[in-house]
Enquirer: 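Take a look at this one; I'll ask things after.
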Amino acid sequence: MNLLIYKTQAELLEDLAAYIIKIANKAIDEQDCFNFVLTGGNSPKALYEMLATTYKDQIDWKKVYFFFGDERNVMPTHESYNGLMAKKAILDPLNIPEDHIFYVNTSLAPEKAAIEYNKAIVKHFDGADLIFDLILLGMGDDAHTASLFPGTDILNNKNVEIDSVFVEKLATYRISFTAPLINKAKNVAFLVFGESKAQAVKEVIESKKRNTKLYPAQLVNPIDGGVTWFLDDAAAGLLDS
């Protein structure tokens, strides 16, 4: 695990952008494509906008394929749909072709949406293992990541796949990568900032006793890849190290 702590969000985002560019160009050099899993919520919006403007010439975007680590069970036109935020912040500004974007079809029932999304990903990898070059993750103040929320059934799913999950605290369904699918990735990066996340960060990173039911982000431990945490001072404020 690589732990990076920044005084400001601006410094954090600049370093994270450079990290993404490095991984993207390495993947494109080696396999002529970059399979990139986006995270949702508000935290990554500024990052996506930076990649689409300041750093737009540093990646061959025609060779990038975009996926979503989880999606909310709302229509694609809804403001809470992760795909819509990404579409506005990075995908449309970079003129990414539709066949390079893997949206979750939330017009389907959640279970069916998960099945169809899994099929689309399997087809894209064309018989190869489902190993993404980079998965971006956020983390909530309850230590959830993607839509792996504390106490939910998806935490027990040992399959490398997409699954639907009912999140009781939100009274809604989500569609999400399972932990085993995340853990196949070559690279995983957590983007976490804000004082409200500090306790969760401490529990996930420093707790001597693992409790993945209570702190699902502890499940993220790539088999052959690495995890890098990008934290601001506020999120890292309770860490001992």
Side-chain angles (χ1 to χ4, degrees), residues 1-24 36-52 54-55 68-72 80 82 85-86 89-90 132 134-152 154-155 167 169-170 174 176-177 179 182-183 185-222 225-241:
M1 182 178 65
N2 192 17
L3 190 61
L4 302 176
I5 301 171
Y6 301 87
K7 292 188 181 300
T8 68
Q9 290 182 19
E11 291 173 323
L12 184 160
L13 294 177
E14 286 176 7
D15 246 23
L16 180 50
Y19 166 90
I20 292 167
I21 291 164
K22 181 178 179 180
I23 291 172
F36 185 21
V37 181
L38 303 180
T39 184
N42 292 320
S43 297
K45 183 180 179 183
L47 171 70
Y48 297 161
E49 290 171 345
M50 285 172 60
L51 289 170
T54 307
Y55 301 107
F68 295 88
D70 74 323
E71 189 54 88
R72 293 158 178 174
S80 295
N82 288 332
M85 183 276 283
I90 187 170
F132 291 92
L134 174 59
I135 297 179
L136 284 183
L137 294 173
M139 189 181 70
D141 55 15
D142 60 355
H144 86 268
T145 190
S147 282
L148 309 179
F149 282 83
T152 52
I154 195 172
L155 303 182
V167 183
K169 66 183 285 186
L170 302 177
R174 296 280 188 97
S176 180
F177 278 38
I182 293 171
N183 287 334
K186 294 178 184 176
N187 302 278
V188 175
F190 278 94
L191 166 61
V192 185
F193 47 72
E195 187 179 358
S196 66
K197 311 289 181 69
Q199 187 62 45
V201 167
K202 181 174 178 62
E203 295 293 346
V204 171
I205 292 176
E206 291 187 341
S207 179
K208 291 181 171 58
K209 290 186 178 179
R210 280 170 54 85
N211 185 344
T212 57
K213 299 294 185 187
L214 190 57
Y215 307 112
Q218 290 179 338
L219 288 168
V220 177
N221 185 23
V227 177
T228 302
W229 287 79
F230 290 83
L231 308 170
D232 70 351
D233 274 343
L238 297 179
L239 293 176
D240 294 330
S241 53

Enquirer: May I ask you to check whether over 12 heavy atoms, not counting those of N2, lie within 6.0 Å of atom CG?
Expert: yes
Enquirer: Near K45 NZ, under 6.0 Å, is it more than 12 heavy atoms from other residues, nucleotides or ligands?
Expert: no
Enquirer: Can you give the donor-acceptor pairs under 3.5 Å from side chains of residues 144-152 to other protein atoms, not counting sequence neighbours?
Expert:
| unit_1 | atom_1 | unit_2 | atom_2 | d |
| --- | --- | --- | --- | --- |
| H144 | ND1 | D142 | OD1 | 2.7 |
| T145 | OG1 | G138 | O | 2.7 |
| S147 | OG | D70 | OD2 | 2.6 |
| S147 | OG | R174 | NH1 | 3.2 |
| T152 | OG1 | F149 | O | 2.6 |

Enquirer: Is there a donor-acceptor pair closer than 3.5 Å between any side-chain N or O of N183 and the backbone N or O of N221?
Expert: yes
Enquirer: Test side-chain contact (heavy atoms from CB on, under 4.5 Å) on F177 and L137; report intermediate values, then the result.
Expert: CA-CA 11 Å; F177 278 38; L137 294 173; over 6 Å; no
Enquirer: Treating D233 as the side-chain partner and I5 as the backbone partner, does any N or O pair qualify as donor plus acceptor under 3.5 Å?
Expert: no
Enquirer: For G140 and K197, work out which heavy atoms get closest and say how close.
Expert: C-CD, 3.7 Å
Enquirer: Quick one: closest heavy-atom pair of I205 and M1, and the distance?
Expert: CG2-CE, 3.6 Å
Enquirer: Got a list of side-chain donor-acceptor pairs under 3.5 Å for residues 11-24, not counting sequence neighbours?
Expert:
| unit_1 | atom_1 | unit_2 | atom_2 | d |
| --- | --- | --- | --- | --- |
| E11 | OE1 | T8 | N | 3.3 |
| E11 | OE1 | T8 | OG1 | 3.3 |
| D15 | OD2 | Y6 | OH | 2.6 |

Enquirer: When you measure from the side chain of E203 to the backbone N and O of A143, does any donor-acceptor pair fall under 3.5 Å?
Expert: no
Enquirer: What is the minimum heavy-atom distance between A185 and P222, and which atoms define it?
Expert: O-CB, 3.9 Å
Enquirer: To the closest 0.5 Å, what do you measure between OG1 (T212) and CG (L219)?
Expert: 4.5 Å
Enquirer: Under the 3.5 angstrom rule, does the side chain of Q199 hit a backbone N or O of D141 as a donor-acceptor pair?
Expert: no
Enquirer: What verdict does the side-chain contact (heavy atoms from CB on, under 4.5 Å) test give for L136 and F36, after you've listed the backbone C-alpha separation in whole Å, the side-chain angles of each residue and the deciding distance to 0.1 Å?
Expert: CA-CA 8 Å; L136 284 183; F36 185 21; 3.8 Å; yes
Enquirer: If I take atom CG from residue L134 and atom CG from residue L38, how far apart are they, to the nearest 0.5 angstrom?
Expert: 9.0 Å
Enquirer: Considering non-hydrogen atoms only, spot the tightest contact between A235 and D232 and give its length.
Expert: N-OD1, 2.9 Å
Enquirer: Treating K202 as the side-chain partner and L238 as the backbone partner, does any N or O pair qualify as donor plus acceptor under 3.5 Å?
Expert: yes
Enquirer: What are the two closest non-hydrogen atoms of M139 and A217, and how far apart are they?
Expert: SD-CB, 3.7 Å
Enquirer: With a 3.5 Å distance limit and no angle check, can you tell me whether E71 reaches the backbone of N82 through a side-chain donor-acceptor pair?
Expert: yes
Enquirer: Once side chain to side chain donor-acceptor pair (under 3.5 Å) is applied, do any residues pair with T39, and if so which ones, sequence neighbours excluded?
Expert: none
Enquirer: Could you report the tightest heavy-atom contact between Q218 and R210, atom names first, then the distance?
Expert: O-NH1, 2.7 Å
